[in-house]
Asker: 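After the structure tokens below, expect a handful of questions from me.
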Amino acid sequence: MEGSEYQEELKYDFNIKGELRHLDTNESFVFNYYKNAHEQNHKRYQVLGHLITQYVYELLERVCMLQKVYIPTDATENEPRSFFFMSKNALTSSCSLIVLLQDRGVFRAGQWGQKTTVSEGLGCGTQIPFIKMALESHSEVIVLNPNDNFVDLNTENERLSFSAREEAPTSLQSVWWLPKRCSSSPEEHTMYIWDHFISKSATKHVAFIAHGYGGLVFVDLLVQRKLEVMNKVYSVAFIDSVHNTRHQTRSDPQIQEWIQKYCREWVSDSKPLDKAVASLLKANCPTVSAGTEKYGLAPSCCLHAIFKYLKSMLKAKTTTASRHSPVATRSSTRKKRGNV
């Protein structure tokens with residue numbers, strides 16, 4: 001980042017394989033750059049995280065050809081705003097729409113996890129492979145930005161997430177954190193985009209891919225917009241979700257039945273990919289292995305399995321819909337003419 005005191009030692013870039021490497025030594029990122037100086041090393045890591053966030057935003061627009069959409073739509077000129085990304089025809093196409101809902105943390109839209117992006121690269125840590133696969137399968141995409149909740153008035157940098165504020169100790173500095181209207185929490189952000197964009201989209205076939213806390217956020221949306229979500233969403237792929245079906249749904253049998261029927265969860269586990277994993281919660285959906293025990297690698301490991309599942313669920317829904325729709329036949333047409 002230009003003008004940063006860490007500019008000289010942060011000579012890192014992503015190589016052709018998407019791996020973060022030092023420009024001079026070609027080594028991966030070293031957290032303990034300064035000896036016995038945890039706070040200084042942490043600040044350096046924060047600067048790197050900010051650079052990665054901006055770079056991924058750039059890739060979403062330049063490589064994935066997504067559009068940045070600012071919210072709320074009625075924001076005044078100087079009001080702090082959040083934003084999300086969507087494909088060009090996300091709201092007008094009748095094709096399926098896939099919504100990506102990340103875990104909570106310091107990372108922003110387009111990433112599954114910052115640590116994974118730093119250590120494993122863009123292919124494992126970002127949502128770009130999911131976006132590309134969705135677009136290649138002729139689906140539209142919306143990438144939510146649920147952790148973009150506050151503006152730090154001290155620096156005018158939008159760096160503080162909902163989770164960071166939760167975990168931070170109470171201090172006088174907190175008065176300088178200004179929440180973004182309609183996006184002050186992951187739940188509010190997701191609800192706003194559902195109400196103003198997803199629910200108004202032309203498609204009748206929406207799917208969610210929700211990671212970690214994102215799963216809890218989706219179930220919250222399901223509870224708050226029950227009939228809308230049930231009618232428009234054909235399937236949900238949870239990845240290591242922290243949702244609690246029974247607690248969040250207040251034992252609503254209709255919602256629990258919908259989750260069991262239309263959702264599947266991939267969890268970090270030692271079992272091979274897609275093998276059944278026992279779930280402690282009977283009210284939960286079918287649970288299978290993500291093919292890895294590493295939480296940060298779970299999304300990338302089950303990428304193909306998730307899209308295979310969503311494809312089968314979409315096919316099942318469209319097949320059922322066609323069965324229930326009336327089909328004009330010659331005999332029925334003759335009958336109608338005879339009745340005139």
Side-chain angles (χ1 to χ4, degrees), residues 66-67 69 71-73 84-102 109 127 130-131 133-135 137-146 182-183 186-211 214-239 241 243 245 248-250 252-265 284-286 306-326:
L66 302 185
Q67 300 174 343
V69 182
I71 59 171
T73 54
F84 68 98
F85 295 87
M86 67 179 182
S87 52
K88 183 181 178 182
N89 300 315
L91 303 182
T92 57
S93 174
S94 59
C95 295
S96 62
L97 171 63
I98 294 179
V99 183
L100 302 183
L101 183 49
Q102 65 189 171
Q127 298 173 338
F130 282 77
I131 297 166
M133 185 161 285
L135 296 175
S137 64
H138 307 291
S139 294
E140 299 298 328
V141 178
I142 284 182
V143 178
L144 299 181
N145 201 9
C182 302
S183 193
E187 290 86 347
E188 188 178 39
H189 175 89
T190 303
M191 187 89 67
Y192 183 88
I193 294 173
W194 173 271
D195 288 342
H196 292 81
F197 297 92
I198 301 173
S199 68
K200 296 179 180 179
S201 62
T203 184
K204 296 178 180 178
H205 311 302
V206 178
F208 276 75
I209 301 176
H211 182 220
L216 184 148
V217 173
F218 172 79
V219 174
D220 177 75
L221 175 69
L222 174 59
V223 171
Q224 300 294 332
R225 299 290 185 268
K226 178 177 172 179
L227 295 180
E228 281 185 29
V229 172
M230 285 182 173
N231 287 329
K232 204 168 178 72
V233 175
Y234 70 88
S235 189
V236 180
F238 293 117
I239 308 171
S241 176
H243 73 274
T245 303
Q248 286 185 263
T249 64
R250 296 173 185 173
D252 182 325
Q254 193 177 7
I255 294 180
Q256 290 186 0
E257 183 184 349
W258 188 90
I259 289 175
Q260 288 176 331
K261 188 174 182 180
Y262 297 107
C263 303
R264 181 176 294 182
E265 181 172 8
N284 201 10
C285 57
I306 285 176
F307 276 92
K308 184 180 179 182
Y309 165 72
L310 293 181
K311 183 179 180 181
S312 68
M313 293 298 287
L314 179 61
K315 184 178 180 180
K317 183 184 179 183
T318 51
T319 301
T320 303
S322 63
R323 282 175 185 164
H324 292 160
S325 59

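Everything numeric in this text was worked out from a predicted model, so none of it was measured.
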Asker: The criterion is salt bridge (charged side-chain N to carboxylate O under 4.0 Å, His left out); which residues satisfy it with K226, sequence neighbours excluded?
Answerer: D252

Asker: Drop me the distance from C285's SG to Y262's OH, to the nearest 0.5 angstrom.
Answerer: 14.0 Å

Asker: Look up atom OG in S137 and atom CG in L310, then write down how far apart they are to the nearest 0.5 Å.
Answerer: 9.0 Å

Asker: Run the ring pair (Phe, Tyr, Trp, His ring centres under 6.0 Å) test against H211 and tell me which residues pass, sequence neighbours left out.
Answerer: W112, Y295

Asker: Under 3.5 Å, side-chain donor or acceptor atoms of residues 191-198 against the rest of the protein: list the pairs with distances, not counting sequence neighbours.
Answerer:
from, atom 1, to, atom 2, distance (Å)
Y192, OH, T73, N, 2.9
Y192, OH, T73, OG1, 3.2
W194, NE1, E228, OE1, 2.7
D195, OD1, R225, NE, 2.9
D195, OD2, R225, NH2, 2.9
H196, ND1, Y192, O, 3.1

Asker: Are the side chains of L100 and F85 in contact, using a 4.5 Å heavy-atom criterion?
Answerer: no

Asker: M230 vs Q254, test: side chain to side chain contact (heavy atoms under 4.5 Å, CB included). Steps then yes/no.
Answerer: CA-CA 10 Å; M230 285 182 173; Q254 193 177 7; 4.0 Å; yes

Asker: A side-chain contact here means heavy atoms from C-beta on lying under 4.5 Å apart; do L144 and V217 qualify?
Answerer: no

Asker: Who pairs with E257 by side-chain contact (heavy atoms from CB on, under 4.5 Å), at least two apart in sequence or on another chain?
Answerer: none

Asker: For the residue pair F307 and F130, does the interplanar ring angle fall in the parallel (under 30°), tilted (30 to 60°) or perpendicular (over 60°) class?
Answerer: tilted

Asker: Less than 4.5 Å apart, side chain to side chain, heavy atoms only: is that true for E140 and M86?
Answerer: no

Asker: I want to check something: taking the side chain as every heavy atom from C-beta on, are K232 and L97 in contact at a cut-off of under 4.5 Å?
Answerer: no

Asker: Of the non-hydrogen atoms in S241 and G215, which two are nearest, and what is the gap between them?
Answerer: OG-CA, 3.2 Å

Asker: Under the 3.5 angstrom rule, does the side chain of S87 hit a backbone N or O of V141 as a donor-acceptor pair?
Answerer: yes

Asker: Less than 4.5 Å apart, any side-chain heavy atom of I259 and any of I255?
Answerer: yes

Asker: Can you tell me how far the CD atom of Q248 sits from the CG atom of L221, to the nearest 0.5 Å?
Answerer: 11.0 Å

Asker: Would you say Y234 and T318 make side-chain contact, with heavy atoms under 4.5 Å?
Answerer: no

Asker: For the atom pair NZ (K261) and CE (M313), what is the distance rounded to the nearest 0.5 Å?
Answerer: 8.5 Å

Asker: Using side chain to side chain contact (heavy atoms under 4.5 Å, CB included), reason through L91 and K200 one step at a time and then give a plain yes or no.
Answerer: CA-CA 7 Å; L91 303 182; K200 296 179 180 179; over 6 Å; no

Asker: Output all residues satisfying ring pair (Phe, Tyr, Trp, His ring centres under 6.0 Å) with Y309, sequence neighbours left out; order by chain, then residue number.
Answerer: W266

Asker: Rounded to the nearest 0.5 Å, how far does CD of E188 lie from OG of S183?
Answerer: 7.0 Å

Asker: Quick one about N284 and H243 (side-chain donor to acceptor, distance below 3.5 Å, no hydrogens or angles considered), yes or no?
Answerer: yes

Asker: Let me confirm one number: the OG-CG distance from S199 to N231, rounded to the nearest 0.5 Å.
Answerer: 12.0 Å

Asker: What are the two closest heavy atoms between N145 and A109, and how far apart are they?
Answerer: OD1-N, 2.7 Å

Asker: If I compare all heavy atoms of T92 with all of A202, which pair ends up nearest, and what's the gap?
Answerer: O-CB, 3.4 Å

Asker: With side chain to side chain contact (heavy atoms under 4.5 Å, CB included) as the test, pick out the partner of T249 among D220, V219, L222.
Answerer: V219

Asker: Flag the pair F84 / I142 as yes when at least one side-chain heavy-atom distance between them is below 4.5 Å, and no otherwise.
Answerer: yes

Asker: Do Q102 and V143 pass the side chain to side chain contact (heavy atoms under 4.5 Å, CB included) test, and can you show the C-alpha distance, the side-chain angles, and the key distance before you say yes or no?
Answerer: CA-CA 9 Å; Q102 65 189 171; V143 178; over 6 Å; no

Asker: List for me each residue that meets side chain to side chain donor-acceptor pair (under 3.5 Å) alongside Q224, sequence neighbours excluded, and say none if there are none.
Answerer: none

Asker: Do V99 and F218 pass the side chain to side chain contact (heavy atoms under 4.5 Å, CB included) test, and can you show the C-alpha distance, the side-chain angles, and the key distance before you say yes or no?
Answerer: CA-CA 11 Å; V99 183; F218 172 79; over 6 Å; no

Asker: Does any donor atom in the side chain of Q256 or T245 lie under 3.5 Å from an acceptor atom in the other side chain?
Answerer: no

